[in-house]
Engineer: 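Here it is: the structure, laid out below.
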Amino acid sequence: SHIAFYSRALRTIQVMSKLGSATISAISDISFQVGALTNSGMPGIKAFGRTLGNIFDGLGSTPAERKKYANSMGVGIQAFKGSLLSKVGAGQDMGVGLLSRMQQQFFKFNLMSWWNDSHAIGMSFTFSNHVASHKKLSFDKLGSDFKKTLLDYRIGEKEWDILREHAVVRLETGEEIISVKDLNFEGKAKKDIQDIVKNKTPTGFDDVETTIKGNWQRTVRNPAEYLDTIKKRYVTMVNDTSRNGIMIPGAWEKAATKVGTQAGSFTGEIVRQAMLFKTFPITVYRKAMLNKLYSKSHTGKNNYAGTAMLFLGSSILGAMAIQLKEITKGRSPRDMDAEFMLQAALQGGAGGIYADLIIGTGVYPGQSIGDQLLGPGINTTFQAVGVLQQAGAFAFGSEDTTAIKDLSKLVKNNMPYQNLFYARAVQDMLLYNFILEQLNPGYLRREEQRIMSNDGQKYFAPRSLIE
């Protein structure tokens, strides 16, 4: 419908004009990846080191061997093409028009495509290497955290034996992973599968520790299906771990942000506008915080200490993100007072991509939280209406000259590509600041004094030089 098309277009424009610094905000993903890996028993220091390594591994082109195995585990680059849009809640149904192509290029320019691909593929290899490191251990000798991870995907003793004996692959780099890409129903694997099926009983197949619940008779007739089931469960485990680490929303999170409304309806599009950028914090709570809290459920206790450490780690990275954004704006770092610490917690954990709007340091400074929660698209629409009213009054003789200034700000704040973090300060200095100063003489000096007075910051290159 026309409503759906124009609403999606508005959301796409908001994405391209607001997420220029999204990759900096995504620094907190590192803590969530470490959290996901430690849930399966990987030591925290090792998980942190491997996660940082994924960033550097992604700087060059992905080796063909890694691409091949990543695609077989469902976490290849092609599989994650739509995940960026899901992550910010923009939807994936913009079609193949100009705005869609611009949006795809935008995620390349703001480096989010590189960030997501590097960590998605890196997480899958880190986790599958972690699984392979247990290949010499029988199921009863596995650590409790790792065993719980397997059982969550109904990989029990016999299924684990099949994986560790027939699915270990040594890569050209010398690293070992478990991959089911080349695991086929033939040779010794076929014999072992047939022995398992032959020795199993109907009661055994109904056991929670198996991947075949209630399908014993069908499996007896077709043992190859048992192997296919094991492979699917393993791929699902790797895929889920990778997506949980980089905060890719699942079906529950997507449904929660749409609250049962239909795309194209008036209510549905209002909801989608309001929920733009809010999918991420919902995903953080559900896939990071709650997963960590319940990661020790097999011991009968909640993991409060691990959850607190995850929150602390994401807050520290959130503080780094805030300071890096200030630097990219051409300003000195902020004082790290109590207010800053609260904002760091929002940036790193609770808010993430949406934190800039919540804490008032990004797109809509000075607006109430209630206004910001309406979503950038609705706020932009209200602003546009207000500017048109001002322009109409000015045309009919009003002496209020703020309409032109407000219009220039509205255009700047909604211009696609204008806030890429590595180019924003230069663009402001060479173009936008000059325009604003011409429209409102003395504006830059007053703003610079306000920043110095309120936040104790200063610009590396004083904006007043443009006067």
Engineer: Between the main-chain N or O of Asn222 and the side-chain N or O of Glu225, is there a donor-acceptor pair closer than 3.5 Å?
Structural biologist: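 Judged by distance alone, no pair lies under 3.5 Å.
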
Engineer: I would like to know whether Lys296 and Asp145 meet salt bridge (Lys or Arg N to Asp or Glu O under 4.0 Å); could you show each step before the answer?
Structural biologist: CA-CA 7 Å; Lys296 298 291 185 180; Asp145 291 341; 2.7 Å; yes

Engineer: Look only at the side chain of Arg50 and the backbone of Lys46, and say whether a donor-acceptor pair between them is shorter than 3.5 Å.
Structural biologist: no

Engineer: Nearest 0.5 angstrom please: Asn419 CG to Ser17 OG, how far?
Structural biologist: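 Between Asn419 CG and Ser17 OG, I get 6.5 Å after rounding to 0.5 Å.
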
Engineer: Looking only at side chains, do Ser295 and Asn303 share a donor and an acceptor under 3.5 Å apart?
Structural biologist: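 Yes, a side-chain donor-acceptor pair sits under 3.5 Å.
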
Engineer: Any chance you could measure Met16, atom CE, to Phe109, atom CZ, to the nearest 0.5 Å?
Structural biologist: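 Going from CE on Met16 over to CZ on Phe109, the span is 11.5 Å.
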
Engineer: Looking only at atom types and distance, does a side-chain atom of Glu159 sit under 3.5 Å from a main-chain N or O of Gly156, one as donor and one as acceptor?
Structural biologist: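 Yes: the side chain of Glu159 pairs with the backbone of Gly156.
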
Engineer: I need the minimum non-hydrogen distance between Ser25 and Ala321, along with the two atoms involved.
Structural biologist: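 Shortest heavy-atom separation between Ser25 and Ala321 comes out as CA-CB, 4.4 Å.
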
Engineer: Applying ring pair (Phe, Tyr, Trp, His ring centres under 6.0 Å) to Trp160 and Phe146, what does each step give before you reach the verdict?
Structural biologist: CA-CA 12 Å; Trp160 170 241; Phe146 182 65; 5.6 Å; yes

Engineer: Do we see a donor-acceptor contact under 3.5 Å between the side chains of Gln14 and Asn414?
Structural biologist: yes

Engineer: Please enumerate all residues that pass side chain to side chain contact (heavy atoms under 4.5 Å, CB included) together with Phe48, with sequence neighbours excluded.
Structural biologist: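 Expected list: Ile30, Val34, Leu52.
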
Engineer: Can you find a heavy atom in the side chain of Lys158 that is under 4.5 Å from one in the side chain of Tyr226?
Structural biologist: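 Yes - at least one pair of side-chain heavy atoms lies under 4.5 Å apart.
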
Engineer: Judged by atom type as modelled, is there a donor-acceptor pair below 3.5 Å linking the side chain of Tyr234 to the main-chain atoms of Ile178?
Structural biologist: yes

Engineer: Let me see the working for Lys191 and Asp195 under salt bridge (Lys or Arg N to Asp or Glu O under 4.0 Å), right down to the final yes or no.
Structural biologist: CA-CA 6 Å; Lys191 181 181 182 300; Asp195 289 343; 3.1 Å; yes

Engineer: Looking at Glu175 and Arg170, is there a salt bridge between them, counting it only when a charged N and a carboxylate O are closer than 4.0 Å?
Structural biologist: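 Not counted as a salt bridge, because no side-chain N and carboxylate O are separated by less than 4.0 Å.
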
Engineer: For a quick check under 3.5 Å, do Tyr417 and Asn110 share a side-chain donor-acceptor pair by atom type?
Structural biologist: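 Absent: no donor and acceptor within the cut-off.
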
Engineer: Kindly say whether Thr261 contributes a backbone atom to a donor-acceptor pair with the side chain of Ser265 at under 3.5 angstrom?
Structural biologist: no

Engineer: Look at the rings of Phe127 and His130 and say which category their plane angle falls in: under 30° parallel, 30 to 60° tilted, over 60° perpendicular.
Structural biologist: tilted

Engineer: Please tell me if the side chains of His166 and Asp161 come closer than 4.5 Å, counting only heavy atoms from C-beta onward.
Structural biologist: no

Engineer: How long is the span from the OG1 atom in Thr12 to the CG atom in Leu98, to the nearest 0.5 Å?
Structural biologist: 10.5 Å

Engineer: Is there a donor-acceptor contact under 3.5 Å linking the side chains of Ser7 and Gln273?
Structural biologist: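 Side-chain D/A pair, Ser7 to Gln273: present.
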
Engineer: Scan side-chain atoms only and decide if Gln343 and Arg334 contain a donor-acceptor pair under the 3.5 Å cut-off.
Structural biologist: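 Result is yes, a qualifying pair exists.
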
Engineer: Indicate the atoms forming the closest heavy-atom contact of Gly318 with Gln347, along with that distance.
Structural biologist: O-CG, 3.5 Å

Engineer: Determine the minimum heavy-atom distance between Gly348 and Phe32, stating which atoms define it.
Structural biologist: O-CZ, 3.3 Å

Engineer: Out of curiosity, Met247 CE to Asn116 CG, how far, rounded to the nearest 0.5 Å?
Structural biologist: 11.5 Å

Engineer: Answer yes or no: is there a donor N or O on one side and an acceptor on the other, between the side chain of Asn291 and the main chain of Lys287, under 3.5 Å?
Structural biologist: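 Present.
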
Engineer: Look only at the side chain of Glu269 and the backbone of Gly264, and say whether a donor-acceptor pair between them is shorter than 3.5 Å.
Structural biologist: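 Here the side-chain-to-backbone pair exists.
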
Engineer: Here's one to test your reading of the geometry: is the NZ or CZ of Lys18 within 45 degrees of the ring axis of Phe277 and under 6.0 Å from its centre?
Structural biologist: no

Engineer: Using a 3.5 Å distance criterion without hydrogens, assess whether the side chain of Ser128 forms a donor-acceptor pair with backbone atoms of Ile177.
Structural biologist: no

Engineer: Atom CZ of Arg8 and atom CD of Gln103: how far apart are they, to the nearest 0.5 Å?
Structural biologist: 11.5 Å

Engineer: Treating Lys325 as the side-chain partner and Ser21 as the backbone partner, does any N or O pair qualify as donor plus acceptor under 3.5 Å?
Structural biologist: no

Engineer: Out of curiosity, Thr381 OG1 to Ile378 CD1, how far, rounded to the nearest 0.5 Å?
Structural biologist: 7.5 Å

Engineer: Assess whether salt bridge (Lys or Arg N to Asp or Glu O under 4.0 Å) is satisfied between Glu165 and Lys135, documenting all intermediate values.
Structural biologist: CA-CA 7 Å; Glu165 292 176 16; Lys135 67 178 184 179; over 6 Å; no

Engineer: Is a donor on one side and an acceptor on the other found under 3.5 Å between the side chain of Lys292 and the backbone of Gly35?
Structural biologist: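 Yes; at least one donor-acceptor contact below 3.5 Å.
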
Engineer: Quick one: list whatever passes side chain to side chain contact (heavy atoms under 4.5 Å, CB included) with Ala319, sequence neighbours left out.
Structural biologist: Phe340, Ala344

